Visitor: 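What follows is a structure written as structure tokens; I'll ask about it next.
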Amino acid sequence: MQGKIALKGLMFHSFHGVHSFERERGNDFRIDLVFQTDISKAALSDKLADTLDYEEVYQIVAEIMEVPVNLLEHLAYKISEKLFEAYTEVKILEITVAKILPPLEGRCEESSVSLVRHR
């Protein structure tokens, strides 16, 4: 039984960006994840060991968020790579990385990059 498991609104204060002031002050970031995978075993067993551990997913993303990069595209790719390594049962991963209130001359609530990875 195929299903989607979503973790939305993972929030971090990190130091990504191309400008030096972004590396000094940082920005707030939001990560949204959707995993497409077989959920049959977990649906029948009701055991955490048979599904994605949300806390473990969060910790993997948090670890990556600690290492500054220039571009949201690169950040999204790095997160997707680590999650695909950790969860080989995941067939499709959708990820959105958003920078909240990016440093633009005009008002912009967020800038974001989304990607979909297939195995």
Side-chain angles (χ1 to χ4, degrees):
M1 164 181 4
Q2 288 298 307
K4 290 184 179 182
I5 299 172
L7 292 175
K8 297 195 174 189
L10 282 68
M11 301 299 293
F12 300 92
H13 186 82
S14 298
F15 300 87
H16 308 295
V18 296
H19 302 292
S20 60
F21 62 84
E22 292 179 286
R23 297 293 178 105
E24 294 166 12
R25 291 191 304 242
N27 281 88
D28 290 326
F29 293 83
R30 187 190 71 245
I31 311 293
D32 296 329
L33 303 166
V34 179
F35 301 87
Q36 291 188 34
T37 188
D38 185 342
I39 63 167
S40 301
K41 196 170 180 183
L44 295 171
S45 74
D46 196 29
K47 293 182 180 175
L48 179 59
D50 293 332
T51 190
L52 301 176
D53 182 331
Y54 304 162
E55 181 62 31
E56 185 177 271
V57 170
Y58 183 89
Q59 292 304 323
I60 290 169
V61 175
E63 192 174 294
I64 294 166
M65 293 299 288
E66 290 179 6
V67 180
V69 300
N70 291 325
L71 302 177
L72 296 178
E73 293 87 344
H74 184 66
L75 186 57
Y77 176 77
K78 285 180 64 167
I79 293 169
S80 69
E81 277 293 294
K82 274 291 195 196
L83 291 172
F84 259 9
E85 285 176 23
Y87 299 102
T88 56
E89 68 275 18
V90 171
K91 302 297 181 216
I92 300 172
L93 172 62
E94 302 171 39
I95 179 171
T96 298
V97 177
K99 182 184 286 188
I100 310 304
L101 298 174
L104 301 175
E105 292 210 16
R107 176 140 170 81
C108 178
E109 290 182 12
E110 68 179 43
S111 58
S112 66
V113 170
S114 297
L115 63 85
V116 178
R117 298 277 310 267
H118 297 259
R119 189 182 309 270

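Values below: all heavy atoms of this structure, side chains included; hydrogens, waters and symmetry mates excluded. Residue indices begin at 1 and follow the sequence shown. Note that the structure is predicted; figures quoted are calculated from it, not measured.
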Visitor: Do Ile100 and Asn27 make a side-chain contact, defined as non-hydrogen atoms from C-beta onward lying under 4.5 Å apart?
Guide: no
Visitor: Any side-chain to backbone donor/acceptor pair from His16 onto Val69? Under 3.5 Å, distance only.
Guide: yes
Visitor: Distance from Thr37 atom OG1 to Gln2 atom CD, nearest 0.5 Å?
Guide: 6.5 Å
Visitor: Side-chain contact test, heavy atoms from C-beta onward, threshold under 4.5 Å: evaluate it for Val61 versus Lys82 and give yes or no.
Guide: no
Visitor: So Leu52 and Val90, side-chain contact (heavy atoms from CB on, under 4.5 Å) or not? Walk me through it.
Guide: CA-CA 9 Å; Leu52 301 176; Val90 171; 4.2 Å; yes
Visitor: Report yes or no: does Asp32 contribute a side-chain atom to a donor-acceptor pair with the main-chain N or O of Gly9 at less than 3.5 Å?
Guide: yes
Visitor: So among Val97, Ile95, Thr96, Leu72, which one has a side-chain contact (heavy atoms from CB on, under 4.5 Å) with Leu115?
Guide: Ile95
Visitor: Below 30° counts as parallel, above 60° as perpendicular, anything between as tilted: where do the rings of Phe12 and Tyr58 land?
Guide: parallel
Visitor: Taking the six-membered ring for Trp, are His19 and Phe21 parallel (under 30°), tilted (30 to 60°) or perpendicular (over 60°)?
Guide: parallel
Visitor: Less than 4.0 angstrom from a charged side-chain N to a carboxylate O is my criterion; do Glu22 and Lys99 meet it?
Guide: yes
Visitor: Supply the atom-to-atom distance Leu83 CG to Lys78 NZ, rounded to the nearest 0.5 angstrom.
Guide: 12.5 Å
Visitor: Please answer whether the main-chain N or O of Phe84 pairs with a side-chain N or O of Arg119 as donor and acceptor at a distance below 3.5 Å.
Guide: yes
Visitor: Would a single hydrophobic cluster contain both Tyr54 and Ile60, if residues Ile, Leu, Val, Met, Phe, Trp and Tyr are joined by side-chain heavy-atom contacts under 4.5 Å?
Guide: yes
Visitor: So which heavy atom on Gly17 is nearest to which on Arg23, and how close?
Guide: O-NE, 3.0 Å
Visitor: So, the side chain of Arg107 versus the backbone of Leu101: is there a donor-acceptor pair under 3.5 Å, distance only?
Guide: no
Visitor: Looking only at the side chains, is there a donor atom on one of Gln59 and Glu55 sitting less than 3.5 Å from an acceptor on the other?
Guide: yes
Visitor: Please say yes or no: joined through hydrophobic side-chain contacts below 4.5 Å, possibly via intermediate residues, are Val18 and Phe29 part of one cluster?
Guide: no
Visitor: Please answer: with hydrophobic residues joined when any side-chain heavy atoms are less than 4.5 Å apart, are Ile5 and Val57 in the same cluster?
Guide: yes
Visitor: Is there side-chain contact between Leu10 and Met65, with heavy atoms separated by less than 4.5 Å?
Guide: no
Visitor: Could you tell me whether a side-chain N or O of Ser45 sits under 3.5 Å from a main-chain N or O of Lys47, the two making a donor and an acceptor?
Guide: yes
Visitor: So for atom CD, which belongs to Glu109, do other residues, nucleotides or ligands contribute more than 12 heavy atoms lying within a distance under 6.0 Å?
Guide: no
Visitor: Please report the closest heavy-atom contact between Glu94 and Gln36, naming both atoms and the distance.
Guide: OE2-NE2, 3.2 Å
Visitor: With a 4.5 Å cut-off on side-chain heavy atoms, are Tyr87 and Glu56 touching?
Guide: yes
Visitor: With rounding to the nearest 0.5 angstrom, report the NZ to CZ distance, Lys91 to Phe35.
Guide: 14.0 Å
Visitor: Of all the heavy-atom pairs spanning Cys108 and Pro102, show the shortest one and how long it is.
Guide: O-CD, 3.3 Å
Visitor: List the steps, then state whether side-chain contact (heavy atoms from CB on, under 4.5 Å) holds for Val34 with Lys8.
Guide: CA-CA 8 Å; Val34 179; Lys8 297 195 174 189; 4.2 Å; yes
Visitor: Answer yes or no: are there more than 12 heavy-atom neighbours, outside Tyr77 itself, under 6.0 Å from its atom OH?
Guide: no
